[in-house]
A.B. asks: 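Structure incoming, see below.
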Amino acid sequence: MWLFLTRRLRMWLILTVVVPLATGVLRRLGRTLERRRGPSTVSNALLKAGDLGDRARTTLRGGRRSRRA
């Protein structure tokens, strides 16, 4: 199936479908882990990975980045 799709269409599908799903799953895993066992390095890393997808999506849409102090 992938053979018949152009490279650009495959990349668009991955960026619009797979990446948001993956970051959502990572965020959900981080929250679940944090709720069960408290904050840890692993749960913080999973939450940051989920936030990274949101920031990238906002930046690519032309939104402004929020400045953190």
Side-chain angles (χ1 to χ4, degrees):
M1 175 76 183
W2 283 102
L3 179 66
F4 298 114
L5 299 176
T6 65
R7 182 173 181 246
R8 186 175 288 185
L9 182 60
R10 281 184 292 196
M11 187 58 69
W12 180 81
L13 283 172
I14 289 170
L15 290 176
T16 58
V17 176
V18 176
V19 173
L21 280 174
T23 56
V25 168
L26 291 175
R27 186 181 305 111
R28 188 172 299 160
L29 283 172
R31 284 184 190 151
T32 302
L33 186 63
E34 197 171 60
R35 193 175 337 116
R36 287 185 182 175
R37 300 182 187 207
S40 68
T41 304
V42 175
S43 66
N44 288 335
L46 290 170
L47 290 171
K48 284 182 183 180
D51 291 341
L52 177 67
D54 288 342
R55 285 195 315 259
R57 196 174 320 124
T58 301
T59 302
L60 288 173
R61 285 183 182 161
R64 296 194 61 163
R65 296 161 104 187
S66 63
R67 290 188 145 197
R68 292 186 182 202

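Numbers for residues simply follow the sequence, beginning at 1.
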A.B. asks: Apart from L52 itself, what residues make up its hydrophobic cluster, given side-chain heavy atom links below 4.5 Å?
C.D. replies: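 None, because no other hydrophobic side chain comes under 4.5 Å of this residue.
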A.B. asks: To the nearest 0.5 Å, how far apart are CD1 in I14 and CG in L21?
C.D. replies: 12.5 Å
A.B. asks: Please round to the nearest 0.5 Å and tell me the distance separating atom CG of L46 and atom OG1 of T41.
C.D. replies: 11.0 Å
A.B. asks: Show which side-chain atoms of residues 28-40 pair as donor or acceptor with protein atoms under 3.5 Å away, not counting sequence neighbours.
C.D. replies:
residue: T32; atom: OG1; partner: R28; partner atom: O; Å: 2.9
residue: S40; atom: OG; partner: S43; partner atom: N; Å: 3.3
residue: S40; atom: OG; partner: S43; partner atom: OG; Å: 3.4

A.B. asks: Can you check whether L47 reaches R27 side chain to side chain, under 4.5 Å on heavy atoms?
C.D. replies: yes
